[in-house]
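Working notes, structure below.
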There are 2 protein chains.
Amino acid sequence: MNFSSQLLEDAVNEFAKLPGVGQKTALRLVLHLLGKEQEEVSHFGKTLIRLKEEIKHCNICHNISDHHTCSICTAVKREKEVICVVEDTRDVMAIENTNQFFGVYHVLGGLISPMDGIGPSDLFIDSLVQRVATTPVKEIILALSANMEGDTTLFYLHKRLKDFQVPITTIARGIAFGGELEYADEITLGRSILTRIPYEGSFIK
Amino acid sequence: MNFSSQLLEDAVNEFAKLPGVGQKTALRLVLHLLGKEQEEVSHFGKTLIRLKEEIKHCNICHNISDHHTCSICTAVKREKEVICVVEDTRDVMAIENTNQFFGVYHVLGGLISPMDGIGPSDLFIDSLVQRVATTPVKEIILALSANMEGDTTLFYLHKRLKDFQVPITTIARGIAFGGELEYADEITLGRSILTRIPYEGSFIK
């Protein structure tokens with residue numbers, strides 16, 4: 001593209017580095033910002049600079065946090081003995097939105113993926129093992145994505161954690177609410193039959 | 001969404017203000033930036049701040065520029081007597097990319113749109129009239145979008161400029177290259193028949 005201004009070109013190139021943003025979209029975003037007040041645009045810029053400079057990762061669960069220990073790990077109401085292991089901070093947000101989980105988290109920071117060169121040592125797995133070894137834990141819930149990398153990580157975590165005599169569970173896989181049987185794939189449907197539960201069983205103790 | 005960090009939430013909110021970017025996309029972009037080096041992210045932020053602080057609009061054609069007068073208006077090779085009137089800087093870039101135009105531009109900064117409350121006084125129309133009145137002009141090319149606002153603006157510009165005895169042209173409307181007749185809409189096809197040109201006529205003087 002022929003830019004009439006170097007400043008414009010620089011800003012477009014910065015936006016175009018973002019995932020899923022091409023040169024045309026980037027130009028549209030930059031021209032949108034140019035139509036805003038100076039105050040607003042410089043607030044945007046400063047927010048980005050502060051974001052990276054000041055953000056921390058919780059020293060217990062590795063979730064993104066404003067403090068050294070995150071608000072979930074410090075909350076007195078949360079069950080510290082139930083640890084939900086997730087891939088990243090988006091999963092924490094998704095589970096928090098359900099209002100169904102009152103334990104604490106452990107964010108791995110990714111999944112084992114030999115294809116992308118991500119091995120166990122690149123993730124916060126040692127710190128999870130350390131945490132299980134040194135603090136009282138009643139249950140470890142492995143809430144990982146249902147794909148190749150998730151299954152690999154699940155398998156590896158189980159191998160590392162099984163000697164601690166702590167119950168290890170995974171989230172249920174099956175037909176989603178609102179899902180129709182005929183459109184479900186064979187693997188999901190097959191596993192949901194194999195792992196069937198008593199009717200209303202989840203509400204009976 | 002339940003954010004684990006205020007800094008994260010602020011950054012997501014800033015991105016979510018951009019057109020076409022929702023909260024989920026904004027979160028994806030912010031987490032992408034968090035995975036980058038501090039240097040890179042603060043460069044992004046500073047580029048945005050500089051963009052709005054330092055960018056100028058050319059005092060002749062109103063195009064976005066790094067200087068008081070843009071590089072097209074100052075270029076000795078451009079025909080200053082042929083003015084192409086466009087809506088915004090994107091149109092200048094699009095026409096420059098064709099390498100078919102060697103005159104100069106006049107950026108209106110929008111189109112007349114009573115629905116959006118944009119009238120002639122909100123655009124750089126007076127400065128165009130002024131420019132035609134005070135400098136020698138051989139031709140005015142109106143290169144505006146082929147929609148209601150474009151046609152309204154075209155009509156208004158013609159009314160303001162017709163007394164100057166300067167030839168006013170508009171860009172050709174018709175079937176795009178690679179376009180198939182059967183899929184063309186009736187208005188485009190109808191106008192392209194009415195405004196038909198001699199075969200290879202565009203190459204014969």
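Chain letters run A, B, ... following the sequence lines, proteins first, then strands; residues in each count from 1.
- Applying the side-chain hydrogen bond (donor to acceptor under 3.5 Å, both in side chains) test to every pair with at least one member in residues 166-188 of chain B, sequence neighbours left out, gives these pairs: E139(B)-T169(B), D185(B)-T188(B).
- In summary, the side chains of Q6(B) and D10(B) do present a donor paired with an acceptor at a separation below 3.5 Å, with no hydrogens or angles considered.
- When each of C58(A), S5(A), G20(A), A11(A) is scored by its heavy-atom pairs under 4.5 Å with chain B, the top score falls to S5(A).
- Among I55(B), L33(B), N13(B), the residue making the largest number of heavy-atom pairs under 4.5 Å with chain A is I55(B).
- Residue K159(A) places its NZ atom among 12 or fewer non-hydrogen atoms of other residues, nucleotides or ligands, all under 6.0 Å distant.
- Contacts between residues 65-104 of chain A and chain B, defined by a heavy-atom separation under 4.5 Å, are made by S65(A), D66(A), T89(A), R90(A), M93(A), E96(A), N97(A).
- Using a distance-only test at 3.5 Å, with no hydrogens or angles considered, a donor-acceptor pair links the side chain of K52(A) to the main chain of L34(B).
- Residue pairs that meet the side-chain hydrogen bond (donor to acceptor under 3.5 Å, both in side chains) test with at least one member in residues 24-47 of chain B, sequence neighbours left out, are E14(A)-H43(B).
- For F124(B), the side chain to side chain contact (heavy atoms under 4.5 Å, CB included) partners two or more places apart in sequence, or in a different chain, are H62(B), H106(B), S127(B).
- Residue contact with chain A, scored on non-hydrogen atoms closer than 4.5 Å, involves the side chain of L27(B) exclusively.
- Using modelled atom types, no side-chain atom of S145(A) and backbone atom of G150(A) make a donor-acceptor pair closer than 3.5 Å.
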